[in-house]
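Any value given below was found using the heavy atoms of this structure, including those in side chains, with hydrogens, waters and symmetry copies removed.
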Amino acid sequence: METLRLDLDHPLRSFRLELALEVGRETVALVGPSGAGKSSVLRVVAGLLRPERGVVTLGAETWLDRERGIDVPPERRRVGLVFQEYALFPHLDVRGNVAFGARDRDAVPQLLERLRIGDLARALPTDLSGGERQRVALARALARAPDVLLLDEPLSALDAHTRQAVRAELHELLLQLAMPTLLVTHDFEDAATLADRVGVLVDGHILQLGDPQELVASPSDPFVASFTGANLLHGVARPGRDGLTEVALDAGGTVWTSDPGSGRVAVAVYPWEVSLSRGTPDDSAVNHLRAPVLSVVSLGNRVRVRVGPLTAEVTESSAKRLALAEGDLVVASFKATGARLLPFT
């Protein structure tokens, strides 16, 4: 399987999209806020957007080179594109949607069976669930026998209940395909589940690129930490006792961290690093906050609890044992090793 390479420079509203990326037999996700330039990257690869400067190659084949005047039209690029809202043809049934643009129409029935929509061949898009529409869109993209797969917010049109199941199905399919796949999403959980590598894209630039575990374990800056789910506390750091760093928080109070640092900083604390108690705080932790519970949200077998400026993630059994309810006064604790020190931005 060939490697997809792109090097882009293009103006977008108030910033420039400047990005260089290689995608091999893997899935790479670009995550970031709306308007960061994520979908523009897909459009350039697909041939739907001509950048001011740019090169796009697949192996030895050049699809775009602005300096050399090369710009292969979209229909000649071996790309399968799944649009954000799937963009199915409402007047065509499932078979007709998948057959549209297929390289080999005789292979369509087999593709429908592979994606478990064979029994829906005669159904119209309006008769399908969100997950079924996504499978049809994927089947249509794969019917082109692409060498590159592009996914634009592939799960955003699904409700929360359907999203988890379809996410698992899509992850399994991407592993089977093992082709260069580039997806964009604003949801880090989707990216972490589906992708081998994740790039955080903000204002047209990748702040950090790595596997999901790396982004969580060693975020490069406060935005990456926040986007991957961390609590952010801002303050001023100075050397403290016992080799720890003391951070005087802007909102009041003090946090201790094992990371060295001084001056203006951001402290990142992930929800699973925070423990909760009714009375005596965790003895092994040096950081404690007593505050009322602001919200309690169940997420499967985990529960997210907002306590003052912190969000904690505890097991369902722990939440039941503590009988957590909004307004209750609890103690949130976390260790110095669980507080990551980041440069202030």
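For Arg140 and Phe89, the positive end sits near the middle of the six-membered ring, less than 6.0 Å away and at most 45° from its axis. In this structure, Arg76 forms no cation-pi arrangement with Trp63, as its terminal cationic atom is not both closer than 6.0 Å to the ring centre and no more than 45° off the ring axis.
Using a 4.5 Å heavy-atom threshold, the side chains of Val184 and Val41 count as separate. Residues Leu6 and Val55 form no side-chain contact, since every pair of their non-hydrogen atoms from C-beta on lies 4.5 Å or further apart. The shortest side-chain heavy-atom distance between Val148 and Met179 does not fall under the 4.5 Å cut-off. Inter-residue side-chain proximity for Thr315 and Val303 is flagged as unmet; no heavy-atom pair is nearer than 4.5 Å.
Taking 4.0 Å as the cut-off between side-chain N and carboxylate O, Asp203 and Arg16 do not count as a salt-bridged pair. Salt bridge status for Glu189 with Arg167: present, with a side-chain N to carboxylate O gap under 4.0 Å.
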*From CA spacing to verdict: salt bridge (Lys or Arg N to Asp or Glu O under 4.0 Å), Asp7, Arg66*: CA-CA 11 Å; Asp7 188 351; Arg66 291 305 309 273; over 6 Å; no
*Report the C-alpha separation of Arg197 and Asp211 in whole Å, then their side-chain angles, then the decisive distance to 0.1 Å, and conclude whether the salt bridge (Lys or Arg N to Asp or Glu O under 4.0 Å) test is met.*
CA-CA 4 Å; Arg197 291 188 293 150; Asp211 63 59; over 6 Å; no
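In this structure, the separation between CG on Leu92 and CG on Asn97 is 5.0 Å, given to the nearest 0.5 Å.
Legend: residues meeting ring-ring contact (aromatic ring centres under 6.0 Å, His included) with Phe83, ordered by chain and number and at least two apart, are absent.
The stretch residues 106-120 participates, sequence neighbours left out, in these side-chain hydrogen bond (donor to acceptor under 3.5 Å, both in side chains) pairs: Arg116-Glu169.
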